[in-house]
Amino acid sequence: MSRDAGRFLRMSYVVASVAGVAFFVMSVALLGIWPGHVLEDETRTMSPEHPLGLTVSEQRGRVIYGREGCAYCHTQQIRYLHADMARFGSPTLAWETRFDYPHLWGTRRIGPDLAREGSTHSEDWHFAHLYAPRTLMADSVMPAYPSLFDGSPDRPRQEARDLVAYLDSLGRARELAGPEGEAHARTACQCPDDEMAQMAFHATALNANPARPRRQGAAPKLAPAGNLGRGQQLYAHNCASCHGARGEADGPGAAALHPRPANLAGHEYTVDRLGYVLWNGVAGTAMQAWRDLPTQDLAALARAVGGFYVAQQQPTVPVDLLDLGARVYKANCAQCHGDAGAGDGSAVGELRITPADFRGARPSVAESLRALRNGVEGTQMAPWTGRLSEAELSAVAYYVRGFYQERP
Ligand code: HEC
Ligand code: HEC
Ligand code: HEC
């Protein structure tokens, strides 16, 4: 063996250990430090200047979310996949989770993603759902959390309130950043050629959840002759939990909701109205939108709903009673329900829940009187018994039925 080779062999352990250390340092830098920097950089430049943090209650809710293991079944990240974007909306940007430490992104989707849960369901819906998911969703596998309540979904404890406040905050920061926020992020990203990043900006909607109720919106025109059998099947599966098997607003989930589900058996609806309600839901209430159902199915549902109303002989009304009704209506009701009963009076902007639109939904006299006597709990429709006489109540209860337009 030459002297050089001998020396090299003697030194090889030095070479090996130096290479080993160098490799270790390099991997830490490349896999541990550098990506963090890139992410931090991206988060800093793309986030709005003052992204909204969580309130104290929401922070407590976040801890409860972690403690109860919600993240084992729910993710909080919308991926760059067309399926995700169509169902939930715009993919999650890094800055949206900047306060999320330790993160709650989750890895399994046994239930739906919750990254944009805010404004998707109403508070009463959440309480009823957390208390007993199957009262609202017949075949849900989500566990019930009665320990967050004092014995009924109407009596949420602070923990339930905090948790729901947290759920309602999900997706809010991005929503509030608005179009300016999106434009800012797009410019800061400097990535016109990055196809994936561009997907985040060109998704159809920030929150595309098909269940999210909208206050306004066009609706598809439904065929009046939907398939009744199919409609009844869909109804039993999706609607009976709230509206009851015969549409009488007595399903297992009904009692916990404010306002209660509509009494479908006590109303006539135009097909257009049903199309509108099924497409947009009723904002501010537990009635979600059903945009994930194809139009034929919506038509079938409309047919099934129409079948609940039993046309009763409504008493004939003397003309002077109708005159009285018109006067009472103009003086007391038009500012909310609108001059033509369209639910578009001057005060509507102030109301959390839009007043009934009598053109597309005609209550039976009994139903209309019930609303006048008791008010509609959970809305700004107050009882009128103190302010109107019995004669005035009956008169206006008849009167509002006249707005109905079978063929608008
Ligand atoms: C065993 C899995 C599982 C666990 C644990 C779980 N969920 Fe769910 N969750 C589901 C499933 C399945 C659904 C869909 C059916 C339904 O709505 O009940 C769902 C639906 C939801 C929805 C409605 C989402 C939407 O937009 O339709 C919310 C909100 C929700 N869960 C919140 C929670 C919270 C909060 C916790 C923890 C306290 C939790 N879940 C724990 C499985 C789970
Ligand atoms: C989670 C409970 C719940 C489920 C499930 C539900 N609804 Fe509703 N529904 C409501 C509530 C609450 C209202 C609002 C009542 C009000 O505005 O006073 C409502 C209102 C309605 C109305 C009247 C809307 C109007 O203003 O004229 C119709 C029609 C209706 N739902 C049909 C359906 C159909 C069809 C399904 C199934 C595809 C369904 N609902 C599923 C709770 C529910
Ligand atoms: C402050 C605004 C406001 C005023 C004033 C008001 N309403 Fe209402 N009304 C509402 C709201 C909100 C609802 C609930 C809509 C819902 O549940 O989706 C409602 C519901 C109703 C319903 C139930 C509709 C149904 O389909 O079951 C009837 C009937 C009704 N109002 C009649 C009247 C009459 C008659 C007057 C005048 C004496 C009147 N309202 C005054 C806001 C108002």
Side-chain angles (χ1 to χ4, degrees), residues 61 64-65 67-74 108 110-114 116-117 120-122 124-126 128-130 133-134 136-137 139-143 145 148 163-164 166-167 209 211-212 231 234-235 237-243 247 249 251 253-254 257-264 266-267 269 273-274 276-278 281-282 284-288 290 293 298 301-302 304-305 325 328-329 331-337 343 345 347-348 350-358 360-363 367-372 375-376 378-382 384 387-388 392-393 396-397 399-400:
I64 297 163
Y65 186 95
R67 183 191 77 196
E68 297 294 339
C70 311
Y72 291 124
C73 289
H74 292 284
R108 292 190 73 192
I110 293 171
D113 184 275
L114 298 179
R116 307 251 181 268
E117 184 58 22
T120 297
H121 289 290
S122 61
D124 57 343
W125 188 93
H126 278 303
H129 186 246
L130 282 171
R134 277 186 219 171
L136 301 187
M137 298 267 175
D139 47 7
S140 177
V141 296
M142 175 156 147
Y145 295 90
L148 304 175
L163 182 56
V164 170
Y166 171 64
L167 291 174
N209 197 318
R212 183 168 67 99
L234 284 165
Y235 180 89
H237 187 249
N238 295 302
C239 326
S241 55
C242 290
H243 289 284
L257 303 176
H258 316 277
R260 285 177 69 102
N263 177 1
L264 304 177
H267 288 83
Y269 296 104
R273 175 71 194 169
L274 291 175
Y276 182 89
V277 168
L278 291 172
V282 182
T285 78
M287 175 67 184
Q288 62 168 77
W290 298 89
L293 295 178
L298 296 183
L301 272 170
V305 169
V328 173
Y329 184 85
N332 299 292
C333 324
Q335 76 266 33
C336 287
H337 287 280
V348 165
E350 319 284 318
L351 303 179
R352 197 171 59 85
I353 291 167
T354 321
D357 176 354
F358 297 119
R362 169 150 71 174
E367 194 62 26
S368 172
L369 265 178
R370 181 158 57 202
L372 281 162
V376 181
T379 79
Q380 273 126 318
M381 171 74 184
W384 287 90
R387 285 170 282 180
L388 298 178
E392 287 171 323
L393 285 176
V396 78
Y399 179 74
V400 296

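Counting starts at 1 for both ligands and their atoms, following the listed order.
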Numbered atoms and elements of ligand 2 in range of L278, under 4.0 angstrom, heavy atoms: 34 (C), 35 (C)

Atom 8 (Fe) of ligand 1: protein N, O or S atoms [distance under 2.8 Å]: H74 NE2, M142 SD

Contact partition for P143 relative to ligand 1, non-hydrogen atoms under 4.0 Å: side chain

Atoms (protein N, O or S; no water) under 2.8 Å from atom 8 (Fe) of ligand 3: 2

Plane angle bin for Y329 and F358 - parallel if under 30°, tilted between 30 and 60°, otherwise perpendicular: perpendicular

Counterpart residues, ring pair (Phe, Tyr, Trp, His ring centres under 6.0 Å), relative to Y65 (two or more places apart): Y166

Residue and atom name of the nearest protein heavy atom (relative to atom 25 (C) of ligand 3), distance in Å to one decimal: H267 NE2, 3.1 Å

Ligand 3 to T379 polar contact by distance, N or O atoms, under 3.5 Å: no

Sub-4.0 Å heavy-atom contact, H126 with ligand 1: yes

Nitrogen or oxygen of E117 less than 3.5 angstrom from that of ligand 1: yes

In the protein, N/O/S atoms that are found under 2.8 Å from atom 8 (Fe) of ligand 2, waters not counted: H243 NE2, M287 SD

Proximity flag Y145 to ligand 1, non-hydrogen atoms under 4.0 Å: yes

